[in-house]
> 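Have a look at this one before I ask anything.
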Amino acid sequence: MSRDKQPDTKLAVVIMAAGKGTRLRTRRPKVLHEVGGKALLSHVIATSSELADGADIYVVVGHEADRVRKAVADTGVQFVDQKEQRGTGHAIQCAREAIAKYDHILVLSGDVPLISATTLQHLMTMHLAQGAAMSILTARPADPTGYGRVIRHAPDRPEVDAIVEQKALKPDQQQIGEINSGIYAFQTKPLLAHIGRLSTDNPHGELYLTDMAAHLKAGGEKVVALEVGDPEEVQGGNTIAELMAIDARMRMAVANRLMAAGVTIFRPETCVIDKDVKVEADTVIEPFVQLLGNTKIGTDGRIRSYSVIENCTLGNDVLVRQGCVLGESTVADGARIGPFAHLRPGSEIGQDAHVGNFVETKKAKLGKGAKANHLTYLGDAEIGAGSNIGAGVITCNYDGVNKHQTRIGQGAFVGSDSTLVAPVAIGDGAYVGAGSCITRDVPSGALAVGRARQTTKEGWVEARRAQREKKD
Ligand code: UD1
Ligand code: MG
C-alpha cells in the first residue's frame, strides 16, 4: 500500500467522528467517551496509524468539533469539517475535496474501536484483489439488532446488492444475521461519481453512506463483503452499556495477556488495567486493583485490593497493601507500602523502605530501609537510609508562598508528633525528641528537643476536689 512504490494504490483513512451520539444521552461527544483508558477516537486513530506505510488520516469532525480536535491534536491527523451532521453519507460528502487525490479510501467509524490493523489489511487486500468499488467489512454477531444488514447477491458469493438499516428492514429481511460494521474500503473515483445520488428518503431523514452499496451496484460497479471471524471486533459503541461492554473486553484482553505471562490476577474482571501497563511474572494482583497509564511492576510483588497505581515504577518484591493511591512515583525492590498510603508525584521510595498507614508523601525521597510507618506527611523531603520517622511527624514544607526542603540524614530518629519546619536539616544519626517543633538545623549525632517543659503538680487533683467541696 505504499504511495511511493505503488501509486495505483494511494490510500487515505477517513474516520467519521462528527456525530453527537444521541443514544448516549450525555453532553460529552460520543467519540471522546473513554474505553480501555482512552477516547474511542484515539483507539481508532492508533489502529489507523499501524497500517502499512502510514496512510494519511482524516477525521471528520462536527458536533463539538473544537473539543474533538483538541483531544487528538497531538496525533498529527488532518481534519474535515461537517458543520451539520446529516448522516454518514454526508460526512464523506464533506470530505470530497480531501479524498479526491487518493485512489482508495478506508472509511472507519469513530465508535468502532476494537478493530485491528490486521483486519483492516485483510479488507484492503480483498478490496484490491476483487477490483471492487466498495468493500464492506461485515460480521455475524449473536444479536444483530440495531445494525444495518448486508444483502448478499447470493449466499456464498462476496457480491453485495445493498445494505438495509434496522428501521427499514422488510419482514423477510428481519432474519438476516450479517451486519454492516461501519467500516469500508472505497475506490475514490466511482465513490465520488455516485455519492451525489444519496437521498434522505429513509426513516431517519439522513444521508446514509450505506446506500452507496445499492447506488454503486446500480452504476455497474462491484460491491463486496468480507466477514470478520470475531464479531466482537466490530462491536459498535452507541450506548453507555455498549461502551462498557467494549471497555470490559479491552480490560480482559490486557489481563489475559498478563496472566499468560505469569502474573496472577485474582478476579481479573474486577481489575482495571491499562493497555501499556507492564507486570513481570510471579507478581500477584488482588481483586479491585487499578493499574493505570505506563505503570511498571517487577517480579514477586503483591498489590492488594483497592489500590490505584498510576504511572509508577515498582521494583521486585514490592508489597502494596490495601487501599493505597500511588501516582508518578517509584518504589524500589522489597519496599512495603500501606495500607492506606498516598504516594503523590515525585515520591521515590528506596529499597526495603516502609511507608505505612495513613502516610502521605510528595516529592519525598526515602533511602534504603527508611521507615515512616504511621500517620505522617513527608513533602519536599529527603530521608537518608535507615532513618526512622515516628508516628504523626509532619514536614511543614509550605510557608503560604513557597515550598521548602527538609533534609534528614542517615540513621536519624525523628520522634513521634514532631513538626519539622522547612527549610531545615537533621544530620546523620541525630535524634529529635517526640513532640518537638524543629525550626533550626540539628547537627549529626545531636539530640534536639523542641517542646514546652512538662510541669507536674503533685496532689493537684485532691487539692482541687477539696476546694470545690469547701465552696458547696
Ligand atoms: C452505522 C451504519 C450501520 C452499521 C453501524 C455499525 C449508517 C447509516 N449506518 O450505524 O449500517 O451497522 O454503523 O456500527 O451509516 N457520523 C458522522 N457524521 C454524521 C453521522 C455520523 O461523522 O452525520 C459518525 C459518528 O460520529 C460515528 C459514525 O459516523 O462515529 C457512525 O455513526 P452512527 O450514528 O453511530 O451510526 P450507526 O447508527 O451506528
Ligand atoms: Mg454507531
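Order of appearance sets the numbers: ligands from 1, and atoms from 1 within every ligand. Being a predicted model, the structure only gives us computed values, none of them experimental. Position 1 is the first residue of the sequence, and the numbers go up from there.
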> Of the listed options (Gly110, Gly87, Gly62, Gly21), which comes nearest to atom 19 (C) of ligand 1 when hydrogens are ignored and any heavy atom counts?
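That would be Gly87.
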> What atoms in ligand 1 come closer than 4.0 Å to a heavy atom of Asn238?
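The list of qualifying atoms is 35 (O), 39 (O).
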> For the CG atom on Asn402, are there more than 12 heavy atoms of other groups (residues, nucleotides or ligands in this structure) within a distance under 6.0 Å?
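Yes, CG of Asn402 has more than 12 neighbouring heavy atoms, counting only those of other groups under 6.0 Å.
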> Quick check: Ala18 and ligand 1, any N/O pair under 3.5 Å apart?
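N/O-N/O distance under 3.5 Å: yes.
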> So does Gly87 get a backbone contact from the side chain of Gln82, meaning a donor-acceptor N/O pair under 3.5 Å?
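Here the side-chain-to-backbone pair exists.
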> Consider every N or O of Tyr147 and every N or O of ligand 1, then say whether any pair is closer than 3.5 Å.
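No, no N or O pair falls under 3.5 Å.
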> I'd like to check which ligand 1 atoms, numbered from 1 as shown, lie under 4.0 Å from a non-hydrogen atom of Arg86.
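By the 4.0 Å cutoff, the relevant atoms are 23 (O).
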> Has ligand 1 got any nitrogen or oxygen that is less than 3.5 angstrom from a nitrogen or oxygen of Val31?
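No, there is no polar N/O contact under 3.5 Å.
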> Nearest heavy atom to atom 13 (O) of ligand 1 wins, so pick from Gly182, Ala95, Gly146, Ala168.
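Looking at heavy atoms only, Gly182 sits closest to atom 13 (O) of ligand 1.
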> Give the atom numbers and elements of ligand 1 that come within less than 4.0 Å of a heavy atom of Ser181.
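Under 4.0 Å from Ser181, ligand 1 has these atoms: 6 (C), 14 (O).
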> Under 4.0 Å from any heavy atom of Gly148, which atoms of ligand 1 are there?
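The atoms of ligand 1 under 4.0 Å from a heavy atom of Gly148 are 3 (C), 4 (C), 11 (O), 12 (O).
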> Give the numbers and elements of all ligand 1 atoms closer than 4.0 Å to a heavy atom of Gln82.
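Checking each atom against Gln82, I get 17 (C), 18 (N), 19 (C), 22 (O), 23 (O).
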> Only heavy atoms of Arg23, strictly under 4.0 Å: list the atoms of ligand 1 that pass.
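So the atoms of ligand 1 that pass are 33 (P), 34 (O), 35 (O), 37 (P), 38 (O), 39 (O).
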> Looking at ligand 1, does any of its N/O atoms fall within less than 3.5 Å of an N/O of Asp111?
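Yes; the residue has a nitrogen or oxygen that sits under 3.5 Å from a nitrogen or oxygen of the ligand.
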> Counting both backbone and side chain atoms, is some N or O of Gly236 under 3.5 Å from an N or O of ligand 1?
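Not met; the criterion fails.
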> What do the steps show when you test Asp352 against Arg336 for salt bridge (Lys or Arg N to Asp or Glu O under 4.0 Å), and what is the final call?
CA-CA 7 Å; Asp352 298 321; Arg336 301 281 173 263; over 6 Å; no
> Pick from Glu178, Glu227, Arg149: which one makes a side chain to side chain donor-acceptor pair (under 3.5 Å) with Thr138?
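When Glu178, Glu227, Arg149 are each tested with Thr138, the side chain to side chain donor-acceptor pair (under 3.5 Å) holds only for Glu178.
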> For Glu84, is the CD atom crowded, meaning more than 12 foreign heavy atoms sit under 6.0 Å from it?
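No.
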> Take atom CZ of Arg267 as the centre, draw a 6.0 Å sphere, and report whether it contains more than 12 heavy atoms from other residues, nucleotides or ligands.
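Not buried by this count: 12 neighbours or fewer within 6.0 Å.
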> Do protein heavy atoms approach atom 3 (C) of ligand 1 to less than 4.0 Å?
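Within 4.0 Å of atom 3 (C) of ligand 1, protein heavy atoms are found.
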> Would you mind checking which non-hydrogen protein atom is closest to atom 16 (N) of ligand 1, with the distance to 0.1 Å?
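Going by distance alone, atom 16 (N) of ligand 1 is nearest to Gly19 N, 3.7 Å.
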> Is there a side-chain contact between Leu192 and Ile99 in this structure, where contact means two heavy atoms from C-beta onward sitting under 4.5 Å apart?
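Contact flag for Leu192/Ile99 side chains = yes.
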> Please confirm whether His90 approaches ligand 1 to less than 4.0 Å, judged on its heavy atoms.
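Flag not set, His90 not near ligand 1.
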> Relative to the heavy atoms of Thr210, which atoms of ligand 1 are at a distance of less than 4.0 Å?
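Answer for ligand 1: 7 (C), 8 (C), 9 (N), 11 (O), 15 (O).
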> Calculate the angle formed at the Mg ion (ligand 2) by OD2 in Asp111 and OD1 in Asn238; 10° precision is enough.
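Output for this angle: 80°, rounded to tens.
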> May I ask you to list the atoms of ligand 1 that are less than 4.0 angstrom from any heavy atom of Tyr208?
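Those of ligand 1 that fall under 4.0 Å from Tyr208 are 8 (C).
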